[in-house]
Amino acid sequence: MAFEGLTERLQKAMEKLRRKPKVTEADLRETMREIRLALLEADVNFSVVKDFVKKVREKATGAEVLKGLNPAQQIVKIVNDELTALMGSEAVALNKAPHIPTVIMMVGLQGAGKTTTAGKLAYRLKNEENARPMFIAADVYRPAAITQLQQVADSIDVPVFKKGTDVDPVEIVREGLTQAKENHNDYVIIDTAGRLQIDEQLMDELVNIKKLAEPNEILLVVDAMTGQNAVATAQGFDEKLDVTGVVLTKLDGDTRGGAAMSIRAVTGKPIKFVGEGEKMENLDVFHPDRMASRILG
Ligand code: GDP
């Protein structure tokens, strides 16, 4: 990931401020304007930008900041802190069930990276916790989806519970969960269907799967490269499903950063992981503070 444009613009604004022997209210206004434009250009949600700039301005206007030593440096710190807060302050861990199995439901639009992310997550759990995950193939609309899940699963040696495409997905999940309990799998990862757009029928199906499976975690997978569309998608899924976390995929190809900076603020839901490549090892825990540092460069 490289939010080059954003990083460069923010750095420029800060550099300008640093060169001033003393920072006036007018300088501060100018810096705030530059930050606002940089964020808007990065495709950050409009009201998020407004709110962000207001918060930074309030903190920076404090007499101590402008009159104190190194006002520019203090403002950089305020921007850094507020960026971190915007993205959720701290990394949020995966929810775990008190008794195995922990049930994780993957949801998202087709092509967002749901199946790949399911694989990455299982791979991660295997490596980090010596876990024994199992997948449930609950996307019955595209035969290729089941084949793809099987391929991913084979590559990391994780079993798949599948029943083809002629069985009701809720029934598949029911049977899959029974099997996982019998086999003492500690994680069950349900790969659900996705569509090109959010539609009623898909949402109803996901709601029914949720009711039956009572997942500990509903991970919404969204494509970072789609910017504000990713944010709108997240809102749509969250309204119906009350998701517990977001995975932002394709951050490696995202040059702007708007989704990463807006999703938490708009939905209130934490980004738990980010995908930064197609390989199974390319899934990282999302750390808001590290992301803020990357953005500020
Ligand atoms: P699904 O339809 O939501 O299950 O999406 P897939 O898992 O099939 O992913 C769609 C495409 O996105 C595939 O070609 C994946 O390899 C690719 N993909 C998924 N996650 C990432 C990521 O983090 N970075 C990149 N560059 N590609 C990804």
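Atoms within a ligand are numbered from 1 in the order they appear, just like the ligands themselves.
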Exercise for the section: Identify which one of Val246, Leu248, Leu94 satisfies the side-chain contact (heavy atoms from CB on, under 4.5 Å) criterion when paired with Phe273. Expected result: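 Going through Val246, Leu248, Leu94 one by one, the side-chain contact (heavy atoms from CB on, under 4.5 Å) with Phe273 is satisfied by Leu94 alone.
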Heavy-atom contact check, 4.0 Å cutoff: does [X] meet ligand 1?
| X | result |
| --- | --- |
| Gly277 | yes |
| Ala112 | yes |
| Gly111 | yes |

Using only heavy-atom distances, determine whether the side chains of [X] and [Y] contain a donor-acceptor pair under 3.5 Å.
| X | Y | value |
| --- | --- | --- |
| Thr244 | Glu217 | yes |
| Asp223 | Thr226 | no |
| Lys96 | Tyr187 | yes |
| Gln150 | Asp154 | yes |

Do any N/O atoms on [X] end up under 3.5 angstrom from N/O atoms on ligand 1?
| X | result |
| --- | --- |
| Glu278 | yes |
| Asn282 | no |
| Thr117 | no |

Exercise for the section: Sorted by first residue and then second, give each side-chain hydrogen bond (donor to acceptor under 3.5 Å, both in side chains) pair with at least one member in residues 108-122; sequence neighbours left out. Expected result: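 Residue pairs passing side-chain hydrogen bond (donor to acceptor under 3.5 Å, both in side chains), neighbours aside: Thr115-Asp191.
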Handout entry: Spacing of Glu25 atom CD and Glu30 atom CD [to the nearest 0.5 Å]
Key =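 The CD atom of Glu25 sits 14.0 Å away from the CD atom of Glu30.
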Practice task
Identify whether NZ of Lys or CZ of Arg in Arg57 sits under 6.0 Å from the centre of the six-membered ring of Phe52 and within 45° of that ring's axis.
Solution key: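 Judged by the rule, Arg57 and Phe52 form no cation-pi pair.
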Which atoms of ligand 1 sit under 4.0 Å from any heavy atom of [X]?
| X | result |
| --- | --- |
| Leu109 | 3 (O) |
| Lys114 | 1 (P), 3 (O), 4 (O), 5 (O), 7 (O) |
| Lys250 | 12 (O), 18 (N), 21 (C), 22 (C), 23 (O), 24 (N), 25 (C), 27 (N), 28 (C) |
| Gln110 | 2 (O) |
| Gln148 | 6 (P), 7 (O), 8 (O) |
| Gly275 | 23 (O) |

Handout entry: Cluster link Val158 to Leu121, ILVMFWY, side chain under 4.5 Å
Key =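 Yes: a chain of side-chain contacts under 4.5 Å links Val158 to Leu121.
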Once you restrict to heavy atoms under 4.0 Å, what part of [X] touches ligand 1? Side chain, backbone, both or neither.
| X | value |
| --- | --- |
| Lys120 | side chain |
| Glu276 | backbone |
| Asp252 | side chain |

Exercise for the section: Identify the protein heavy atom lying closest to atom 7 (O) of ligand 1, giving its residue, its atom name and the separation to 0.1 Å. Expected result: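 That would be Thr116 OG1, 2.5 Å.
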Practice task
Can you pull out the closest protein heavy atom to atom 5 (O) of ligand 1? Residue, atom name and distance to 0.1 Å, please.
Solution key: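 Scanning the protein heavy atoms, the shortest distance from atom 5 (O) of ligand 1 goes to Gly113 N, 3.0 Å.
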Exercise for the section: Over all heavy atoms of both residues, which pair between Ala138 and Ile209 is shortest? Give the atoms and the distance, please. Expected result: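 For Ala138 and Ile209, the tightest heavy-atom pair comes out as CB-CD1, 4.5 Å.
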Problem - Nearest atoms (heavy-atom pairs only) where Ala292 meets Met87 - result: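 For Ala292 and Met87, the tightest heavy-atom pair comes out as N-CE, 3.6 Å.
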